[in-house]
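Written out below as structure tokens is the structure these notes cover.
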Amino acid sequence: MRILNKQISRRAVLQGAGVAALAALTAGCGKQQSPAAASEPQAIQETQKPDKMPSEQYRAMWLSYLDWHLVDFSSQSAFEKSFETVLENCQSLGLNTLIAQVRPFGDALYPSTLFPWSHLCTGTRGKDPGFDPLDCMVRLCHERAISLEAWINPYRLRANAKMPAEFAENDLPNTHPEWCVTVGEGVYLNPAEPSAADYVVQGITELLDHYAVDGIHFDDYFYPTTEAEIDAAQYAAASSTLPLEEWRRQQVTNLVRNARDAVKAKDPTLRFGISPQGNPDNNYNQQYSDVDKWMNDPDGPLVDYICPQVYWGYGYQLKSGSTRFAYENITAEWVKMPRSEACGLYFGLGAYRIGDGDGGANPDSKTQWESGHQLADMISDLTKLGADGYGLFRYEFLFASNYPELAAAECSAVAEKNKELAAQGR
């Protein structure tokens, strides 16, 4: 197993913006900011480092935009109370990292001069909730010695006609329509537009200027289509000698490199990681994500970790009969890939499969996800393979599941497995 970077993270010496008023906690943690106060990002303040740092193995939970309905945004006190429940549940599993989606659609769950308020906060795009959710998250996570990574979707502005249903006046499709492309019902920043990519990086810098998060996390949304017309004008203007596919990979890699540089310029101990698809072919040929280069750039890896989304079960079988994506096979394939010693390897595990199965052609594609210990078995096996950790996708399927008994059994098994690993010093 690679030993993760043991430099003290800036979480050890910094807290989020509102913690300038840490003393106010003794007077009531739930005091709500006025809308005016919440609208202006504050400078990061110094504070004591937490007594406990996360264990060596990365043990994370994804808190997706699809999970935010479980958190109460009606006031700061309500938000903090419900978010505390999220943290309590994560810690009950022995996790040490929360990956919280704070920029899902070119919007923000914090006051930003670059992006409108997310509709996830109030139901209305661009509406200030009257407090700063990310500031609360940073403070509450760090009080519990939980690392918080800010999860950003760099290109996606709209997933479909209802998500989000409308754009605010200062949304990028209104302020910079020349940067945007429509694919089906989705709207995206064009990965071939340098100004759009630069804006994404500016957003990272703004976020890190005001919040002591422990890292920046990208998911697997890069090029939204393989169709040639999406960037035909930019490709022609570039007069590149590269084939279109390779040129597209170059554009994505430029964004990744610039994002990494922005993170490290702020603090070299901050993490920058990406969770690509579990299928390496799809990454390379459909989303133009050159994951191999990210892990092995000659000047050092462009990411601190890769966390492929390996959401298939044991023995998973395609209709063709192929078992390439069976959990035991695809994890071994990723482990064998060349990778810089400075780049960690985690695996994303599909908690959302619990009770429903993974849709494989193998007879047990559903029943193995009804065992009550599938995730714990996977954690055990990836640890034996030499992986550095894992992430669970996603919170709702463990703590607000349609299969509550199965989910509770999985949670108990994961908690026990993590106790066992912690006892081994992992």
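Starting from 1, each residue takes its place in the sequence as its number.
- Atoms CG and CG, from Leu172 and Leu114 in turn, are 8.5 Å apart once rounded to the nearest 0.5 Å.
- A pairwise comparison of heavy atoms in Gly278 and Trp334 identifies O-NE1, 2.9 Å as the closest pair.
- Note: Phe73 and Phe79 meet the aromatic proximity criterion, with ring centroids under 6.0 Å apart.
- In this structure, Leu270 and Asp267 have side chains that are in contact, with non-hydrogen atoms separated by less than 4.5 Å.
- At a threshold of 4.5 Å between non-hydrogen side-chain atoms, the residues Tyr327 and Met378 count as touching.
- The list of salt bridge (charged side-chain N to carboxylate O under 4.0 Å, His left out) pairs with a residue in residues 391-405, not counting sequence neighbours, reads Asp67-Arg394, Arg394-Glu396.
- Aromatic rings from Tyr155 and Tyr221 are positioned such that their centres are separated by 6.0 Å or more.
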inquiry  = Applying side-chain contact (heavy atoms from CB on, under 4.5 Å) to Asn283 and Asp290, what does each step give before you reach the verdict?
reply    = CA-CA 7 Å; Asn283 291 322; Asp290 193 346; over 6 Å; no
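- Residues forming a ring-ring contact (aromatic ring centres under 6.0 Å, His included) with Trp179 (at least two apart in sequence, or on another chain): His176, Tyr199.
- The distance from the CG atom of Asp388 to the SG atom of Cys343 is 8.5 Å, given to the nearest 0.5 Å.
- Residues Tyr211 and Tyr110 bring their aromatic ring centres within 6.0 Å.
- For Gln57 and Thr383, the side-chain atoms include at least one donor-acceptor pair closer than 3.5 Å.
- Residues passing the side chain to side chain donor-acceptor pair (under 3.5 Å) test with Asn402, sequence neighbours excluded: none.
- The minimum heavy-atom distance linking Ala413 with Gly372 is given by the pair CB-O, 3.7 Å.
- A search for side chain to side chain donor-acceptor pair (under 3.5 Å) contacts involving Gln286 returns Asn282, not counting sequence neighbours.
- Distance check: Leu63 CG to Cys90 SG gives 7.5 Å after rounding to the nearest 0.5 Å.
- Identified under the side-chain hydrogen bond (donor to acceptor under 3.5 Å, both in side chains) test for residues 162-172, with sequence neighbours left out: Arg125-Asp171.
- Partners of Glu410 by salt bridge (Lys or Arg N to Asp or Glu O under 4.0 Å), not counting sequence neighbours: none found.
- For the residue pair His142 and Ala212, the shortest heavy atom distance occurs at CE1-O, 3.0 Å.
- At least one side-chain heavy atom of Ile230 sits under 4.5 Å from a side-chain heavy atom of Pro224.
- Side-chain contact of His119 with Tyr65: a donor-acceptor pair under 3.5 Å is absent, judged by distance alone.
- From Leu140, atom CG reaches atom CD of Glu84 across 5.0 Å, with rounding to the nearest 0.5 Å.
- Looking at Asn296, its side chain does come within 3.5 Å of a backbone N or O of Asp292 through a donor-acceptor pair.
- A pairwise comparison of heavy atoms in Cys180 and Leu157 identifies SG-CD1, 3.7 Å as the closest pair.
- Inspection of the Thr124 and Thr122 side chains reveals no N or O donor paired with an N or O acceptor under 3.5 Å.
- Asp135 and His210 share no donor-acceptor pair across their side chains, judged by distance under 3.5 Å alone.
- In this structure Tyr390 satisfies the side chain to side chain donor-acceptor pair (under 3.5 Å) test together with Asn418, sequence neighbours excluded.
- Listed here is the closest heavy atom pair of Trp62 and Cys307: CH2-SG, 3.8 Å.
- Side-chain contact between Arg156 and Pro104 is present, with heavy atoms from C-beta onward closer than 4.5 Å.
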Worked verdict on Asp304 versus Lys264 for salt bridge (Lys or Arg N to Asp or Glu O under 4.0 Å):
CA-CA 10 Å; Asp304 292 302; Lys264 298 305 179 179; 2.7 Å; yes
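- No hydrogens or angles considered: nothing links the side chains of Asp281 and Asn285 as a donor-acceptor pair under 3.5 Å.
- Residues Glu206 and Gln202 bring no donor and acceptor atom of their side chains to less than 3.5 Å of each other.
- Side-chain atoms of Val86 and Val71, non-hydrogen and from C-beta on, do get closer than 4.5 Å to each other.
- Screening residues 370-381 for salt bridge (charged side-chain N to carboxylate O under 4.0 Å, His left out), with sequence neighbours left out, gives Lys366-Glu370.
- Here Phe399 pairs with Tyr395 under the ring-ring contact (aromatic ring centres under 6.0 Å, His included) rule; sequence neighbours left out.
- Atom-to-atom distance recorded for Phe218:CZ and Ile152:CD1 is 6.0 Å, nearest 0.5 angstrom.
- Judged as a side chain to side chain donor-acceptor pair (under 3.5 Å), and not counting sequence neighbours, the contacts of Tyr223 are Asp231.
- When only modelled atom types and interatomic distance are considered, Gln250 and Asn254 share no side-chain donor-acceptor pair under 3.5 Å.
- Judged purely by distance below 3.5 Å, without hydrogens or angles, the side chains of Gln368 and Gln374 pair a donor atom with an acceptor atom.
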Between Trp151 and Leu98, is the side-chain contact (heavy atoms from CB on, under 4.5 Å) condition met? List the steps. CA-CA 10 Å; Trp151 172 9; Leu98 184 68; over 6 Å; no
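- Screening Asp356, Asp358, Asp364 against Trp369 for a side-chain hydrogen bond (donor to acceptor under 3.5 Å, both in side chains) leaves a single residue, Asp358.
- Put simply, CG on Leu93 and SG on Cys411 are 5.0 Å apart, with the number rounded to the nearest 0.5 Å.
- For the pair Arg158 and Phe105, the cation-pi test (distance below 6.0 Å, angle within 45°) is failed.
- Between the side chain of Ser412 and the main chain of Ala408, a donor-acceptor pair closer than 3.5 Å is present.
- No side-chain heavy atom of Asn89 sits less than 4.5 Å from a side-chain heavy atom of Leu398.
- Between the side chains of Asp107 and Trp117, no donor N or O sits under 3.5 Å from an acceptor N or O.
- Considering only heavy atoms from C-beta on, Tyr188 stays 4.5 Å or farther from Pro173 through its side chain.
- The side-chain contact (heavy atoms from CB on, under 4.5 Å) with Leu189 is formed by just one residue from the set Val200, Val181, Leu255, Asn153; it is Val200.
- Across all non-hydrogen atoms, the minimal contact from Ile204 to Ala262 is CG2-CB, 4.4 Å.
- Inter-residue side-chain proximity for Val256 and Val303 is flagged as met; some heavy-atom pair is nearer than 4.5 Å.
- With sequence neighbours left out, Glu420 forms a salt bridge (Lys or Arg N to Asp or Glu O under 4.0 Å) with Lys417.
- Below 30°, between 30° and 60°, or above 60°: for Phe393 and Tyr311 the angle between ring planes is below 30°, a parallel geometry.
- Counting only residues at least two apart or in different chains, ring pair (Phe, Tyr, Trp, His ring centres under 6.0 Å) contacts with residues 402-426 are absent.
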